Participant: 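Below is the structure I would like to discuss, written out as structure tokens.
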Amino acid sequence: MDLPTVRPHHLSMTVMQKQTMVIIRLGCSDGIEGIGEATTIGGLSYGEESPESMKLNIDTYVTPLLLGTNASNINWAMKVLDKHIKGNRIVKSGIETALLDAQGKRLGVSVATLLGGAVSDTLPVLWTLASGDTQKDIEEAEMYLANGRHNVFKLKIGWQPPALAIAHVTAIKKALGNRAKVTVDVNQAWAESTAKNGIAALQDAGIDLIEQPIAKENIEGLARLTQMFRVPIMADESQSDLQESFKLAKLRSADVWALKIGKAGGLYNVLKAAAIAEAADISLYGGTLLEGTIGSVASAHAFSTLNTMLWGTELFGPLLLTDDIVINRVEFSNARMRLPQGAGLGLELDLDKLDFYRRDGKKRIIVL
Ligand code: MUC
Ligand code: MG
């Protein structure tokens with residue numbers, strides 16, 4: 001399904017006017033339905049899974065493997081998927097979310113409770129300024145500072161030439177001063193040599209955190225930049241599955257990791273990556289693939305169980321969209337998101353909205 005964004009969202013690899021989500025409804029023989037979400041950014045421009053490939057792979061490969069499998073044994077179901085399906089971590093994350101939602105509903109507990117319990121029932125949430133226009137970004141930040149919805153702003157800067165990007169960031173930081181923290185996400189757009197000058201300028205401008213300045217594969221380069229600068233460097237695209245996480249930790253390639261359930265292949269794996277980071281004294285940040293409410297709330301359940309998440313989260317995905325497909329929307333106030341209460345994810349699908357936004361226009365509500 002496609003949902004329009006509240007404004008164009010400029011990233012280094014694409015400009016988003018809508019978000020496409022694969023919504024998973026997993027029916028169990030005891031009558032319980034679990035819901036999950038598999039979402040990426042900009043078709044195939046951000047990662048190797050597209051919404052279309054995810055739907056096809058779920059229908060063709062995942063569903064036959066899960067039919068007849070015990071839905072309350074999530075470890076077993078995921079082991080079966082891992083054995084027969086390589087990669088496809090966003091799909092696996094969506095399916096695991098649906099299994100956890102169903103299990104929570106079955107036992108009458110939240111997903112966070114299934115994962116050991118929430119340490120906090122609210123999480124800090126920043127906002128990404130990416131309208132493509134410096135003045136509009138400043139106005140947007142002022143509006144959210146005034147109404148208290150956000151006090152940390154991330155700027156997506158990989159799409160402009162570096163000199164323009166630095167002028168854009170400097171102007172926004174100057175306008176906001178100490179009233180807001182400002183971070184930047186380069187989304188891999190710079191060569192290592194460009195990054196040396198770029199990060200030096202951003203550090204001088206008072207930027208608090210630099211995300212994924214160079215190509216995800218160049219983890220030695222990321223380690224060099226991390227050592228070179230005082231401003232913390234965060235790995236996003238470089239930090240994915242557990243093997244990549246281990247390599248990053250060994251090289252101390254970044255000070256901070258942007259954890260995402262989609263990159264990790266699910267909620268359990270994202271918490272395993274967090275454990276690797278904790279052991280290496282790498283700080284944590286709760287990232288997003290700009291999921292809607294289902295994926296963002298699933299992420300929030302996992303992140304809420306972590307001892308510390310020093311850099312907060314960017315689980316603002318639902319706020320970037322003009323509408324929602326759940327009945328009980330998530331509450332965002334005082335720069336925080338409130339974890340929905342209730343069994344499983346604590347969400348209820350709005351089936352009429354789901355039908356309305358379906359890309360294929362078909363109405364196929366199945367009441368289980
Ligand atoms: C990314 O690379 O961090 C997160 C926020 C946003 O605007 O885009 C995403 C992806
Ligand atoms: Mg990023």
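Index from 1, following the sequence. We count ligands from 1, going down the list as the structure has it; atoms in each ligand are counted the same way. Quick caveat, the model's predicted, so the values are computed rather than measured. Values below: all heavy atoms of this structure, side chains included; hydrogens, waters and symmetry mates excluded.
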Participant: Which pair of heavy atoms, one from Ala195 and one from Trp190, lies closest together, and at what distance?
Facilitator: CA-CE3, 3.6 Å
Participant: Atoms of ligand 1 less than 4.0 Å from His9 heavy atoms?
Facilitator: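 Listed by number with element: 6 (C), 7 (O).
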Participant: If we only count heavy atoms from C-beta on, is the Leu319 to Arg149 side-chain gap below 4.5 Å?
Facilitator: yes
Participant: Quick one: closest heavy-atom pair of Leu354 and Met1, and the distance?
Facilitator: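 Taking every non-hydrogen atom into account, CD1-SD, 3.8 Å.
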Participant: Establish, from distance only, whether the side-chain atoms of Thr226 and Asp255 form a donor-acceptor pair under 3.5 Å.
Facilitator: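 No, because no side-chain N or O of Thr226 sits under 3.5 Å from a partner of the opposite role on Asp255.
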Participant: Can you check which of Met16, Glu291, Lys154 brings a heavy atom nearest to atom 3 (O) of ligand 1?
Facilitator: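 Looking at heavy atoms only, Lys154 sits closest to atom 3 (O) of ligand 1.
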Participant: Please classify the Phe316 to ligand 1 contact at 4.0 Å (heavy-atom distances, strictly less than): side chain, backbone, both or neither.
Facilitator: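 Phe316 to ligand 1: side-chain contact only, backbone stays beyond 4.0 Å.
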Participant: May I ask you to decide if the ring planes of Trp159 and His168 are parallel, tilted or perpendicular, using 30° and 60° as cut-offs?
Facilitator: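 Because their plane-to-plane angle is over 60°, the rings of Trp159 and His168 count as perpendicular.
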Participant: Assess Lys263 for proximity to ligand 1: is some non-hydrogen atom of it under 4.0 Å away?
Facilitator: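 No; Lys263 lies far enough from ligand 1 that no heavy-atom distance drops under 4.0 Å.
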Participant: Among side-chain atoms of Gln212 and Ser238, is any donor-acceptor pair under 3.5 angstrom?
Facilitator: yes
Participant: Using a plain distance cutoff, I'd like to know if Thr288 has any nitrogen or oxygen under 3.5 Å from a nitrogen or oxygen of ligand 1.
Facilitator: no
Participant: Show the atoms of ligand 1 that are less than 4.0 angstrom away from any heavy atom in Lys260.
Facilitator: 1 (C), 2 (O), 3 (O), 10 (C)
Participant: Is the closest side-chain heavy-atom distance between Ser296 and Val330 below 4.5 Å?
Facilitator: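 Contact flag for Ser296/Val330 side chains = no.
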Participant: Which residues and atoms, protein N, O or S only, are under 2.8 Å from the Mg ion (ligand 2)?
Facilitator: Asp185 OD2, Glu211 OE2, Asp236 OD2
Participant: Does a side chain donor of either Asn307 or Glu278 reach within less than 3.5 Å of an acceptor in the other side chain?
Facilitator: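 No.
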Participant: Given Lys156, Gln212, Glu237, which has its nearest heavy atom closest to atom 9 (C) of ligand 1?
Facilitator: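 The option holding the nearest heavy atom is Lys156.
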Participant: By number and element, which atoms of ligand 1 are closer than 4.0 Å to a non-hydrogen atom of Asp236?
Facilitator: 1 (C), 2 (O), 3 (O)
Participant: Looking only at protein heavy atoms, identify the closest one to atom 2 (O) of ligand 1 and say how far it is in Å.
Facilitator: Tyr46 OH, 2.6 Å
Participant: Should you measure from each heavy atom of Asp185, which atoms of ligand 1 turn up under 4.0 Å away?
Facilitator: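 The atoms of ligand 1 under 4.0 Å from a heavy atom of Asp185 are 1 (C), 2 (O), 3 (O).
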Participant: Quick check on contacts: which atoms of ligand 1 are under 4.0 angstrom from a heavy atom of Glu314?
Facilitator: 3 (O), 4 (C), 5 (C)
Participant: Out of all atoms in ligand 1, which are within 4.0 Å of some heavy atom of Ile41? Include the element for each.
Facilitator: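 Per the distance check, 9 (C), 10 (C).
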Participant: If we ignore angles and hydrogens, is there a donor and acceptor under 3.5 Å between the side chains of Asp208 and Thr183?
Facilitator: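 No pair is found: no donor N or O on one side chain lies under 3.5 Å from an acceptor on the other.
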Participant: Grouping I, L, V, M, F, W and Y whenever their side-chain heavy atoms are under 4.5 Å apart, do Trp76 and Met78 come out in a common cluster?
Facilitator: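 Cluster IDs for Trp76 and Met78 match.
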Participant: Keeping the roles fixed (side chain from Gln203, backbone from Val231), state whether a donor-acceptor pair exists under 3.5 Å.
Facilitator: yes
Participant: Just to verify, which of Leu259, Ile261, Leu123 counts as forming a side-chain contact (heavy atoms from CB on, under 4.5 Å) with Ser299?
Facilitator: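 Per the side-chain contact (heavy atoms from CB on, under 4.5 Å) rule, the option paired with Ser299 is Ile261, out of Leu259, Ile261, Leu123.
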